[in-house]
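In what follows, chains carry the letters A, B, and so on, assigned in the order in which the sequence lines appear, proteins first and then strands, with residues in each chain numbered from 1.
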2 protein chains.
Amino acid sequence: MIRISKLTDYAFIVLGHMARGRHEAVYAAAELATGTGIAVPTVSKVLKSLTRAGVVRSLRGVRGGYALCRPARETSVATVIHALEGPIAITECGIAEHQCNQSDACHTRGNWDLINQAIRGALESVSLADLVRPPNDHGAEVSIPLTSLTLPRATELTE
Amino acid sequence: MIRISKLTDYAFIVLGHMARGRHEAVYAAAELATGTGIAVPTVSKVLKSLTRAGVVRSLRGVRGGYALCRPARETSVATVIHALEGPIAITECGIAEHQCNQSDACHTRGNWDLINQAIRGALESVSLADLVRPPNDHGAEVSIPLTSLTLPRATELTE
DNA sequence: TAAAACAGGACTAGAATGGTCCCCAATCAT
DNA sequence: ATGATTGGGGACCATTCTAGTCCTGTTTTA
């Protein structure tokens with residue numbers, strides 16, 4: 001239903017935990033597991049994906065663990081989702097089949113791309129640091145206008 | 001992967017087909033099935049959901065079928081997705097459990113809501129008519145500024 | 001060299017999705 | 001009236017995806 005997966009949710013919890021400390025701080029997987037209440041193997045799985053995507057870096061060996069590659073402010077929500085779930089797009093498209101070729105569908109694809117871009121834009125506009133910050137902290141907030149859609153206006157929107 | 005389901009995709013193909021004719025035109029499910037290349041039972045299933053949501057209306061009996069409730073321009077993409085998949089939200093939230101209560105996660109929920117709203121805004125800004133229109137038809141286009149996010153700016157966005 | 005900690009991937013159980021089918025209700029033509 | 005047509009509702013199964021665990025290997029440091 002247009003949801004992020006549980007694993008991705010865990011990723012945000014774990015990263016949120018890491019974002020509280022100094023951003024160079026190294027956390028062992030087991031440490032993050034107890035800190036967040038998520039099982040160790042699951043935390044490990046999530047961190048592996050984040051490592052491959054360059055969101056965190058890993059340090060092997062006895063005093064090893066994981067650390068953020070960048071300050072939390074410099075990692076976007078889109079990056080994290082992409083790391084765990086692949087490209088952010090609401091339609092498959094390009095996977096063809098369908099009756100896409102037939103007649104109807106394919107006309108619409110170009111427009112879907114605009115929608116995908118708008119969603120991507122929304123997710124790129126928010127950083128890890130923003131998520132960690134309490135919702136009521138309106139101190140340094142700034143209004144970010146998102147990408148605009150270039151499409152004919154829908155005159156009357158339902159619901 | 002933040003995708004709409006196949007059923008929802010079918011809904012757009014079927015509605016696209018209907019949107020080409022006069023908007024009062026009545027199409028039997030079987031007719032739409034052959035017109036789109038989708039199996040009859042599947043088309044029926046999709047149309048049932050759309051009927052319940054008030055996107056199309058059904059006419060029973062011998063010369064019955066389905067017709068759009070409104071001109072295509074007045075039905076948004078968000079409405080269609082909502083009809084087939086329920087509320088549009090990227091996170092579950094409110095389903096609790098997690099370690100949500102514990103410490104980390106719950107701080108972030110308020111901010112997730114803003115993200116959800118932005119996505120919803122993008123999907124509400126586009127109508128069925130927009131999707132059907134060929135992507136290159138830039139005749140009557142208008143740039144629609146989407147909802148803005150009120151959050152601290154992410155200084156450097158990766159990817 | 002042994003212990004600590006990550007890397008990679010195999011594997012299983014459970015849930016969600018996609019698709020089909022069946023029986024009932026409504027409507028219309030004859 | 002009656003029967004053909006068409007949608008309504010929901011059950012049902014097969015397949016795929018997801019979540020979560022575990023095992024074996026590699027790297028690093030004390």
Side-chain angles (χ1 to χ4, degrees), chain A residues 1-14 18 25-34 36-69 81 83-86 91-92 95 97-99, chain B residues 1-14 18 25-34 36-69 81 83-86 91-92 95 97-99:
Chain A
M1 311 175 179
I2 313 212
R3 298 254 154 76
I4 58 175
S5 73
K6 267 193 185 177
L7 281 236
T8 308
D9 213 351
Y10 294 154
F12 284 111
I13 296 175
V14 170
M18 296 174 75
V26 175
Y27 303 86
E31 190 182 346
L32 290 169
T34 59
T36 59
I38 304 169
V40 180
T42 303
V43 169
S44 287
K45 191 177 196 174
V46 167
L47 287 167
K48 282 173 205 170
S49 297
L50 292 172
T51 304
R52 275 190 281 263
V55 172
V56 303
R57 67 176 192 282
S58 68
L59 297 155
R60 292 190 171 191
V62 172
R63 304 247 314 169
Y66 295 89
L68 295 176
C69 281
I81 294 180
L84 290 246
E85 320 204 1
T91 46
E92 307 202 36
I95 314 209
E97 295 193 274
H98 293 277
Q99 268 55 29
Chain B
M1 310 168 182
I2 312 210
R3 298 256 152 77
I4 58 175
S5 73
K6 267 193 184 176
L7 280 236
T8 308
D9 212 351
Y10 294 155
F12 284 111
I13 295 175
V14 170
M18 297 174 75
V26 176
Y27 302 85
E31 189 182 346
L32 290 169
T34 60
T36 59
I38 305 169
V40 180
T42 304
V43 169
S44 287
K45 191 176 196 174
V46 167
L47 286 167
K48 283 174 204 169
S49 296
L50 292 173
T51 303
R52 275 191 281 263
V55 173
V56 302
R57 66 177 193 281
S58 67
L59 296 156
R60 292 187 172 192
V62 171
R63 305 246 315 171
Y66 296 90
L68 296 176
C69 282
I81 294 180
L84 292 239
E85 319 205 1
T91 45
E92 307 202 36
I95 314 210
E97 291 189 280
H98 291 277
Q99 269 53 28

Asks: In whole Å, I'd like the distance from the CG atom of Leu7(A) to the P atom of dA15(C).
Replies: 16 Å
Asks: Under 3.5 Å, side chain of Glu85(B) to main-chain N/O of Ile4(B), donor-acceptor pair present?
Replies: no
Asks: Among Ile38(B), Val46(B), Val43(B), exactly one meets side-chain contact (heavy atoms from CB on, under 4.5 Å) together with Leu32(B). Which residue is that?
Replies: Val43(B)
Asks: I'd like to know if the side chain of Arg57(B) reaches the main chain of Tyr66(B), judged simply by a donor and an acceptor atom lying under 3.5 Å from each other, with no hydrogens or angles considered.
Replies: no
Asks: Check each residue of residues 45-63 of chain B for a non-hydrogen atom within less than 4.0 Å of any atom in DNA chain C, then write out the ones that pass by number, or none.
Replies: Lys45(B), Arg60(B), Gly61(B), Val62(B)
Asks: Kindly determine whether Tyr27(B) and Leu68(B) satisfy side-chain contact (heavy atoms from CB on, under 4.5 Å), including the steps that lead there.
Replies: CA-CA 10 Å; Tyr27(B) 302 85; Leu68(B) 296 176; over 6 Å; no
Asks: Can you tell me how far apart NZ (Lys6(A)) and CD1 (Ile13(A)) are? Round to the nearest 0.5 Å.
Replies: 10.5 Å
Asks: To the nearest 0.5 Å, what is the distance between CG (Leu84(A)) and NZ (Lys48(A))?
Replies: 13.0 Å
Asks: Which listed nucleotide (dC21(C), dC6(C), dG18(C)) is nearest to the side chain of Ser5(B)?
Replies: dG18(C)
Asks: Side-chain N or O of Tyr66(A) versus OP1/OP2 of dA7(C): is the shortest distance under 4.0 Å?
Replies: yes
Asks: Is there a donor-acceptor pair closer than 3.5 Å between any side-chain N or O of Arg3(A) and the backbone N or O of Ile2(B)?
Replies: no
Asks: What's Ala30(A) touching, base or sugar-phosphate or nothing? Going by heavy atoms closer than 4.0 Å.
Replies: nothing
Asks: Nearest whole angstrom, please: distance from the P of dG18(C) to the NZ of Lys6(B).
Replies: 7 Å
Asks: What range of DNA chain D does chain A touch, first nucleotide to last, counting atoms under 4.0 Å from its heavy atoms?
Replies: dA19(D) to dT29(D)
Asks: Please find the pair of heavy atoms, one from Cys69(B) and one from Gly54(B), that lie closest to each other, and give the distance.
Replies: SG-O, 3.3 Å
